[in-house]
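Whatever order the structure lists ligands and atoms in, that order sets their numbers, starting from 1.
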Amino acid sequence: MNILILGSGGREHALAWAVLQNPKCDTLIVAPGNAGIAQIAACADINILNPQAVVDFAAENAIDFVIVGPEAPLAEGVVDALSQSGILAFGPSREAARLEASKAFTKEICDAAKAPTAAYARFTDAASARDYVTAQGAPIVVKADGLAAGKGVIVAMTLTEALDAIDDMFGGEFGDAGAEVVIEEFMEGEEASFFILSDGASILPIGTAQDHKRAFDNDAGPNTGGMGAYSPAPVLSDEIAARALREIVQPTIDEMAKRGTPYRGVLYAGLMIKDGQARLVEYNVRFGDPECQVLMMRLGAQALDLMVACAEQRLDQMSVNWADDHALSVVMAAIGYPGSYEKGSVINGLEALAQDSNHMVFHAGTKEVNGAITAAGGRVLNVTARGETLAEARSRAYDMVNKIDWPDGFCRSDIGWRAL
Ligand code: AMP
Ligand code: GLY
């Protein structure tokens, strides 16, 4: 099978690494890829936000299967275009991708599916939104409806913060994404991520994870795209997970099918767990980053078989082969991230590290310059390890971190604390 993966982060490096373990993979191309991915696969510089460019490239390169990493190409309709050209692709259609691309749409689906989630109201003008939060009081959550690169959610602990967020959103801070605003009840509890494959009718859970959104130790500092993750998430017990599938995920998949826009791909359910019950915080229509890195480390080669079966709509024939193992990933970021940071600093010590089924350094934002690996983004490396226990995975990951010589980078030293 000739395979094309779209994306350029640690998530796509982990997907590429897992796909390459599977003998069914003949050739692998990643577009656009990064310096770490280039060490294991061919990279191609195409505009993945242009569906026709992706179709043309796939046709020219006799691609049999396309795996879409990030949400933006999905929201642009890349999978629709590939399907129309008869090319098998993993990921939802543009319509189904609205489960991530529009928070108001997700709420509408939850209502129809009777899926437990935060109470909410939607607004298209600042004055009525301000009146509503003034009446509700804080804490309260203000969300820009559309895709805002993870920055469109303000968990306001005071009324002033909530009112400021409303003014910013309707003032155009997030462009079109903020033309509509969703205001939600603040939910308390512990968050976890649940990953489920859906072929439009059947579902198959493929793992749980927890990430660390704040930049610094002890959950201090600004919000980021994620500073580390581990799998499984102990808070998502078998019982709570089964109930979440029954009350949230399957009814969502059924509702999407009923509307004629079946959901196919991986559904990432962000859940808030309290008193033995999960409520939906949000859906994403892709793997999480860095959650994908820990999932791939645990799934290995079978990840490809599962994604192909999902795209071919025969998920009911599949099961997941779980080892009783744990994986943990530490994100190394450029100093200054998630604010402004320098690019171009050199990272040493990577060649000496073991790269095997228990140890992998996935590259997120890196670039090769004259043979050296340099930092080219905010989140730069995902140092990932597997072990029989979470403690073992963690000590393996931090042993690797300690051998990486990169004075311009930083990481959290407490990934996994909640579970340990
Ligand atoms: P989202 O982009 O929807 O995942 O929101 C980002 C983060 O904001 C989530 O991971 C939660 O930590 C937090 N959040 C979002 N909605 C709520 C809510 N209704 N109650 C409490 N926290 C929330
Ligand atoms: N790590 C959070 C996300 O991928 O959305």
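- In this model, a donor atom of one side chain and an acceptor atom of the other lie less than 3.5 Å apart for Y283 and T252.
- In summary, of the residues considered (D211, N382, T384), a side chain to side chain donor-acceptor pair (under 3.5 Å) with S329 occurs for T384 alone.
- Considering backbone and side-chain N/O of E291, one or more are found under 3.5 Å from N/O of ligand 2.
- Among the atoms of M187, some N or O lies under 3.5 angstrom from an N or O of ligand 1.
- Taking the six-membered ring where tryptophan is involved, the planes of F287 and F90 are essentially parallel, since the angle between them stays under 30° and well short of 60°.
- Ranking the protein heavy atoms by distance from atom 17 (C) of ligand 1 puts V141 CG2, 3.8 Å first.
- Taking CG of L280 as the start and SG of C110 as the end, the distance is 5.0 Å to the nearest 0.5 Å.
- Side chain of R286 to main chain of V68: no donor-acceptor pair is present (N/O by atom type, distance under 3.5 Å, no hydrogens or angles).
- Between F123 and Y132, the ring planes are tilted. Angles from 30° to 60° get that label.
- The backbone N or O of G221 lies less than 3.5 Å from a partner atom in the side chain of R214, making a donor-acceptor pair.
- A salt bridge links E392 to R396: at least one charged side-chain nitrogen sits closer than 4.0 Å to a carboxylate oxygen.
- Nearest non-hydrogen protein atom to atom 1 (P) of ligand 1 is E282 OE1, 3.2 Å.
- Ligand-side atoms of ligand 1 in range of K103: 2 (O), 3 (O), range being under 4.0 angstrom from any heavy atom.
- Looking only at protein heavy atoms, the nearest one to atom 9 (C) of ligand 1 is E191 OE1, 3.4 Å.
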Test side chain to side chain donor-acceptor pair (under 3.5 Å) on E368 and Q39; report intermediate values, then the result.
CA-CA 10 Å; E368 196 202 300; Q39 292 171 352; over 6 Å; no
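- Under the 4.0 angstrom criterion for non-hydrogen atoms, Y268 is in contact with ligand 2.
- Counting atoms of ligand 2 from 1 in the listed order, those under 4.0 Å from a heavy atom of G288 are 4 (O).
- At least one heavy atom of K143 sits less than 4.0 Å from an atom of ligand 1.
- Nearest to atom 7 (C) of ligand 1 among the protein's heavy atoms is V153 CG1, 4.4 Å.
- Here is the list of ligand 1 atoms found below 4.0 Å of a heavy atom in V155: 8 (O), 13 (C), 14 (N).
- The contact set between ligand 2 and G225, taken as ligand atoms under 4.0 Å from a residue heavy atom, comprises 1 (N), 2 (C).
- The shortest N or O to N or O distance between D211 and ligand 2 is below 3.5 Å.
- For atom 5 (O) of ligand 2, the closest non-hydrogen atom of the protein is R286 NH2, 2.9 Å.
- Of all protein heavy atoms, the one closest to atom 22 (N) of ligand 1 is M272 CE, 3.9 Å.
- Near F186, the atoms of ligand 1 lying under 4.0 angstrom from a non-hydrogen atom of the residue are 20 (N), 21 (C).
- Under 4.0 Å from ligand 1, the heavy atoms of E184 that appear belong solely to its side chain.
- Within the structure, ligand 2 lacks G226 among the residues with a heavy atom less than 4.0 angstrom away.
- Geometrically, R98 engages F105 in a cation-pi contact, judged by NZ or CZ lying under 6.0 Å from the ring centre and within 45° of the ring axis.
- Between F216 and F410, the ring planes are tilted. Angles from 30° to 60° get that label.
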